[in-house]
Amino acid sequence: MGYGVQIFGCLQEFREDPEAFFERLSNMGYRQIEPCVLFGDASVFPQRLADLVWKPQEVLGFQELMGRYGLVLRSCHVFSKDMLAAAEEMLALAQESSIDTYVVNCPAGIEKDYAAFAQDCRTLAGRLEEEGIALWLHNNAPEIAARVQLEAEEITVMEAILQEAGDKLGAQVDTGWVLYGGIDPAVFLKRLGGRLRSVHFKDMAQGCQSLSGLDRFAVLGSGVTDIPAVMAAIPQGVPVLVDQDATRGDFFVDLATSLRAMQAVRE
């Protein structure tokens, strides 16, 4: 399938001209797009964010545009106030489109009480699996930095959620937030073993843990991530998507640079 892009960080560029956006990424050599789709009540999200993310009724049109340029739509991030309440809408969209996987983020403050969320993930994963749809868990930094004690072993909150939720829930690892959370991304990828389903490749700036805002991020290959080590830790067949949250210059230039950084290692 080749490399892909998670387009959360560059949604503004996407909205300015969706077809030109897809054409430029395809010409660079990307082959997959992972969007964020908002299900249910949009009023719980900031208006600017709600305006930028995809709506279910837009997905088929965007998928058609993507197809003109050889881009594939398989997974998408779920934005929803209540992911269980959104399950039927998610299934309906999957039946109409090429989506075969939904990705959920750990909610804010999850490191304080993860058990209920893990149970919700178990429930949702089971419902989606009935229709052949997968569910993955995506990490931010807090659930990596926070640790819990399970069976005499100290593990991250993300790992605890995966254990509690059962085997139906896969892991989509954001390497940048893993690093920001204090763990070597290559080590963490290997630790997850067969639970790993997808990788968001994000680089971070030198000293990122002491920085905030845009200063934390770096274009892939210009930060502190050991790209060869991370690439070596990703099994063949696991999709790799560049996930850059912000740019100081031109997103398209940054994405082209990121692709070259990955290709230099694996290809």
Could you tell me whether Arg68 and Glu19 have a side-chain N and a carboxylate O separated by less than 4.0 Å?
yes

Output yes when Arg74 and Asp100 qualify as a salt bridge under the 4.0 Å nitrogen-oxygen rule, no when they do not.
yes

Apply side chain to side chain contact (heavy atoms under 4.5 Å, CB included) to residues Thr257 and Arg260 and explain how you reach the verdict.
CA-CA 5 Å; Thr257 300; Arg260 289 194 298 269; 3.4 Å; yes

Answer yes or no: is there a side-chain heavy-atom contact under 4.5 Å between Leu52 and Gln12?
yes

Can a donor-acceptor pair be found, under 3.5 Å and without considering hydrogens, that links the side chain of Asp203 to the backbone of Ala218?
no

Would you check if Val53 and Phe45 make a side-chain contact, meaning some heavy-atom pair closer than 4.5 Å?
no

For the side chain of Gln6 and the backbone of Phe8, is there at least one donor-acceptor N/O pair under 3.5 Å apart?
yes

Would you say Ile33 ends up clustered with Leu241 if hydrophobic residues are merged whenever their side chains have heavy atoms under 4.5 Å apart, either directly or through other cluster members?
no

Leu73 side chain reached by Val59 side chain, heavy atoms, under 4.5 Å
yes

Cut-off 3.5 Å, side chains only: do Gln163 and Arg195 have a donor facing an acceptor?
no

May I have the step-by-step check of ring-ring contact (aromatic ring centres under 6.0 Å, His included) for Tyr3 and Phe201, ending in yes or no?
CA-CA 10 Å; Tyr3 299 110; Phe201 215 161; 8.8 Å; no

Which pair of non-hydrogen atoms, one from Leu71 and one from Tyr30, has the smallest distance, and what is that distance?
CD2-O, 3.3 Å

Any heavy-atom pair between the side chains of Pro56 and Phe39 that's under 4.5 Å?
yes

Verify same cluster id: Val44, Leu38 (apolar side-chain graph, 4.5 Å)
yes

Given side chains that start at C-beta, do those of Lys81 and Ser43 come closer than 4.5 Å, heavy atoms only?
no

Can any side-chain N or O of Thr123 pair as donor or acceptor with the backbone N or O of Gln119 at less than 3.5 Å?
yes

Validation row: Asn105, Pro107 side chains within 4.5 angstrom (heavy atoms):
no

Backbone N/O of Ala86 and side chain of Ser80: donor-acceptor pair under 3.5 Å:
no

Decide, yes or no, whether a salt bridge links Glu58 with Arg15 under the criterion of side-chain N to carboxylate O below 4.0 Å.
yes

What class does the angle between the rings of Trp177 and Phe217 fall in, given that below 30° is parallel, 30 to 60° is tilted and above 60° is perpendicular?
perpendicular

Worked check of side chain to side chain contact (heavy atoms under 4.5 Å, CB included) between Gln172 and Leu137:
CA-CA 6 Å; Gln172 181 184 76; Leu137 177 67; over 6 Å; no

Between Arg122 (side chain) and Glu164 (backbone), is there a donor-acceptor pair under 3.5 Å?
yes

When you measure from the side chain of Asp254 to the backbone of Val219, do you find a donor-acceptor pair of N or O atoms at a distance under 3.5 Å?
no

Which is it for Thr156 and Glu143 under the side chain to side chain donor-acceptor pair (under 3.5 Å) test, yes or no, and what are the steps along the way?
CA-CA 6 Å; Thr156 65; Glu143 53 272 18; over 6 Å; no

Spatial distance of atom CE (Met83) from atom CZ (Phe117) [nearest 0.5 Å]:
4.5 Å

For residues Met204 and Val173: do they belong to one hydrophobic cluster (side chain heavy atoms under 4.5 Å, members Ile, Leu, Val, Met, Phe, Trp, Tyr)?
no

Output yes when a side-chain donor or acceptor of Arg127 lies under 3.5 Å from a complementary backbone atom of Ala87, and no otherwise.
no

When the aromatic ring centroids of Trp54 and Phe62 are compared, is their separation below 6.0 Å?
yes

Any heavy-atom pair between the side chains of Leu124 and Leu169 that's under 4.5 Å?
no

Please test Leu196 against Leu189 for side chain to side chain contact (heavy atoms under 4.5 Å, CB included), starting from the C-alpha separation and ending with a verdict.
CA-CA 7 Å; Leu196 181 65; Leu189 292 171; 3.8 Å; yes

Check the side chains of His200 and His138 for a donor-acceptor pair under 3.5 angstrom, ignoring hydrogens and angles.
yes

Asp174 and Asn140, any side-chain heavy atoms less than 4.5 Å apart
no

Okay, side chain of Glu131, backbone of Ile133: is any donor-acceptor separation there less than 3.5 Å?
no

On the 0 to 90° scale, with breaks at 30° and 60°, tag the Phe22-Phe14 ring pair as parallel, tilted or perpendicular.
tilted

Going hydrophobic residue to hydrophobic residue with side-chain gaps under 4.5 angstrom, can you get from Val103 over to Ile234?
no

Donor-acceptor under 3.5 Å (Arg147 side chain, Ile155 main chain):
no

Determine whether Asn139 and Val157 satisfy the following criterion, side chain to side chain contact (heavy atoms under 4.5 Å, CB included), listing intermediate values before the conclusion.
CA-CA 10 Å; Asn139 66 280; Val157 166; over 6 Å; no

Using every non-hydrogen atom in the two residues, find where Pro185 and Val230 come nearest and quote the distance to one decimal.
CB-CG2, 4.0 Å

Just by distance, do the side chain of Thr247 and the backbone of Gly249 share a donor-acceptor pair under 3.5 Å?
yes

Closest non-hydrogen atom pair, Ile161 against Cys106:
CD1-SG, 3.9 Å

Is there a path of hydrophobic side-chain contacts, each under 4.5 Å between heavy atoms, that joins Val240 and Leu25?
yes

How long is the gap from CD1 on Ile99 to CG on Leu60, to the nearest 0.5 Å?
8.5 Å

